[in-house]
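Residue numbers start from 1 in every chain, and the chains themselves are labelled A, B, ... in the order their sequence lines are given, proteins ahead of strands.
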Amino acid sequence: MNLNATLIGELIAFVVFVWFCMKFVWPPLNGAIEARQKKIEDGLAASDEAEKELERVRAQGAEQLKEAKAQAAEIIEQAKKRAALIVDEETTRGQQEREKIIAQGHSEIESERNRVKEELRSQVAALSIAGAEKILEREINQATHSDIVEKLVAEL
Amino acid sequence: MAAEEVTLSSHIQHHLTNAKMCSTDAGLAFNKACADSGFWTWHVDTLAWSIGLGLIFLWIFRSAAKKSTIGVPGKFQCFIEMVVEFVGANVRDTYHGNSKLVAPLALTIFVWVFLMNLMDLVPVDFLPAFAGFVGEQAFGMDSHDVYMKIVPTTDLNMTAALALGVFILMIGYSIKIKGIGGFIAELTLHPFSSKNKLMMAILIPFNLLLETIALVAKPFSLALRLFGNLYAGEMIFILIGAIGLMQLPLHFVWAVFHIMVIVLQAFVFMMLTIVYLSMASTESH
């Protein structure tokens with residue numbers, strides 16, 4: 001149990017083992033652990049970032065959808081108004097057209113009637129004169145009494 | 001066969017004796033022939049088992065290191081990295097200097113001491129009896145002359161070598177970080193100090209005495225704690241092994257308890273090494 005040369009042998013072995021561990025064992029293992037930790041950390045950060053981005057994009061999408069819906073409603077509203085307007089306009093225009101056509105018809109009828117009246121009048125005048133001539137052939141001078149006849153015709 | 005009768009005490013004595021090797025005038029000599037060879041005796045069993053276990057440690061960790069990737073690690077890789085990370089975390093928490101040596105040193109101590117302690121769980125008679133059988137059959141030796149102590153940490157040479165290595169590093173770090181003057185000042189100007197120059201000079205011998213004892217106590221406590229725990233544990237295993245069939249439950253209970261002891265002692269040796277080196281490489285007081 002006394003201390004002896006074994007001590008020296010073990011000390012040398014210890015030094016060699018520690019040296020080997022320091023050169024070839026610790027650095028690669030620790031390096032791999034640290035690199036992996038870094039990678040995991042980065043990955044987690046990226047995932048957090050992506051989650052935030054997703055949230056943002058989702059909110060943006062919802063916003064856009066809402067906007068689009070509002071726009072569509074507005075367009076429909078406008079179209080309805082426009083349609084109503086067109087119907088109104090057309091109705092008014094039709095009405096006017098109708099009135100115009102009716103008025104035209106009326107005036108045509110009026111003028112035809114006037115013409116016929118005029119024609120009748122002149123024929124009646126001619127007939128009256130002819131009748132009066134026949135009755136008063138001898139005593140009435142056509143030239144001197146034509147004004148009376150004219151007066152008569154105008155009274156028709 | 002056996003010249004003397006095997007008694008309990010000779011059985012225990014046999015278990016507690018290392019296989020020795022020394023060189024004499026007639027060439028290499030072994031065991032009893034080395035009884036009075038003095039310092040230049042080699043405990044071949046301690047050397048062989050400890051170096052073998054050290055090589056196993058390095059081989060296992062080196063193979064993990066070669067395969068280490070940043071990607072998803074395998075289970076073996078995970079296990080090795082857990083050990084590395086455990087040691088690394090302890091070093092980071094305790095050692096505040098900047099050194100590339102301390103962490104691998106702590107890893108080597110922890111795993112190597114653990115593996116050597118682990119040999120304590122091999123039933124005490126297996127390997128010595130096997131060695132005796134081989135010695136008898138192959139070399140025609142008396143099996144009682146074949147010694148085999150398989151737990152290197154029950155050999156004071158082993159634990160003292162570790163402690164001595166740590167002690168050299170402690171002094172080295174002290175001088176490297178604080179300079180020769182700082183190291184000497186630390187040994188002489190504390191714990192008693194005075195503003196008065198004369199008082200300071202008077203106090204130097206007391207300080208030197210106290211600080212030197214404190215310094216030297218560190219490697220002694222390291223070596224003797226590990227050696228004492230393992231030697232006592234081994235002794236109880238040997239005693240249990242000597243009581244016949246009743247040993248089975250007792251051996252089981254003691255082995256289970258000893259699982260804690262071997263891990264704890266490896267951990268304590270590592271932690272104290274880190275603490276001592278941390279103290280050596282920071283300005284105290």
Side-chain angles (χ1 to χ4, degrees), chain A residues 1-70, chain B residues 16-18 20-22 34 37-44 46-47 50-51 54-55 57-58 60-62 64-73 77 80-81 83-85 87-88 100-101 103-105 107-109 111-112 152 155-162 164-166 168-169 227 231:
Chain A
M1 216 204 290
N2 299 323
L3 289 178
N4 57 32
T6 312
L7 177 73
I8 296 168
E10 295 292 3
L11 190 58
I12 294 166
F14 182 40
V15 169
V16 171
F17 288 161
V18 170
W19 171 82
F20 186 89
C21 186
M22 189 173 78
K23 277 274 179 256
F24 303 110
V25 174
W26 185 268
L29 280 173
N30 201 44
I33 291 172
E34 278 172 3
R36 194 177 312 118
Q37 277 173 341
K38 180 83 175 53
K39 199 174 156 189
I40 291 170
E41 202 176 301
D42 289 352
L44 287 177
S47 117
D48 275 357
E49 198 58 40
E51 209 161 300
K52 265 184 215 152
E53 179 69 15
L54 177 69
E55 201 55 44
R56 200 182 63 74
V57 169
R58 204 173 270 171
Q60 202 180 18
E63 190 65 30
Q64 275 176 348
L65 192 65
K66 221 168 88 181
E67 244 167 64
K69 269 183 182 162
Chain B
L16 293 177
T17 308
N18 284 102
K20 295 192 190 71
M21 183 181 83
C22 57
C34 292
S37 60
F39 182 78
W40 290 104
T41 311
W42 305 86
H43 288 167
V44 282
T46 300
L47 283 165
S50 67
I51 292 171
L55 291 176
F57 151 63
L58 289 178
I60 290 174
F61 277 68
R62 176 65 189 157
K66 272 198 284 199
K67 280 185 284 185
S68 66
T69 57
I70 300 174
V72 180
Q77 183 77 19
I80 297 298
E81 285 183 2
V83 176
V84 169
E85 186 51 29
V87 173
K100 290 203 183 333
L101 173 65
L105 174 77
L107 180 69
T108 307
I109 287 175
V111 181
W112 194 23
D155 185 345
L156 190 57
N157 287 299
M158 180 70 233
T159 62
L162 289 172
L164 188 61
V166 173
I168 292 167
L169 281 174
F227 166 72
Y231 191 80

When you measure from the side chain of [X] to the backbone of [Y], do you find a donor-acceptor pair of N or O atoms at a distance under 3.5 Å?
X     : Y     : value
B:S68 : A:A32 : no
A:R36 : B:T69 : yes
A:N4  : A:T6  : yes

Chain A contact via [X] - which portion, at a heavy-atom distance below 4.5 Å:
X      : answer
B:I80  : side chain
B:L107 : side chain
B:L169 : neither

Find the one option among B:L47, B:L164, B:T159, B:L16 whose heavy-atom pairs under 4.5 Å with chain A are most numerous.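 Ranked by contacts with chain A, first place is B:L47.
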Scored by heavy-atom pairs under 4.5 Å with chain A, the best of B:G165, B:G71, B:A103, B:C22 is B:A103
Look at A:E53 together with A:R56 and state whether they make a salt bridge at an N to O cut-off of under 4.0 Å.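 Here A:E53 pairs with A:R56 in a salt bridge, since their nearest N and O are under 4.0 Å apart.
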When you check the gap from the basic side-chain N to the acidic O, do A:D42 and A:K38 get nearer than 4.0 Å? yes
Report which part of A:V25 has an atom under 4.5 Å of a heavy atom belonging to chain B: side chain, backbone, both, or neither.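 The answer is both parts of A:V25.
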Contact class of A:I8 relative to chain B, heavy atoms under 4.5 angstrom: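 The answer is the side chain of A:I8.
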Does the plane of the ring in B:W112 sit parallel, tilted or perpendicular to the ring in A:F14? Use 30° and 60° as the thresholds.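 Ring orientation, 0 to 90° scale: parallel.
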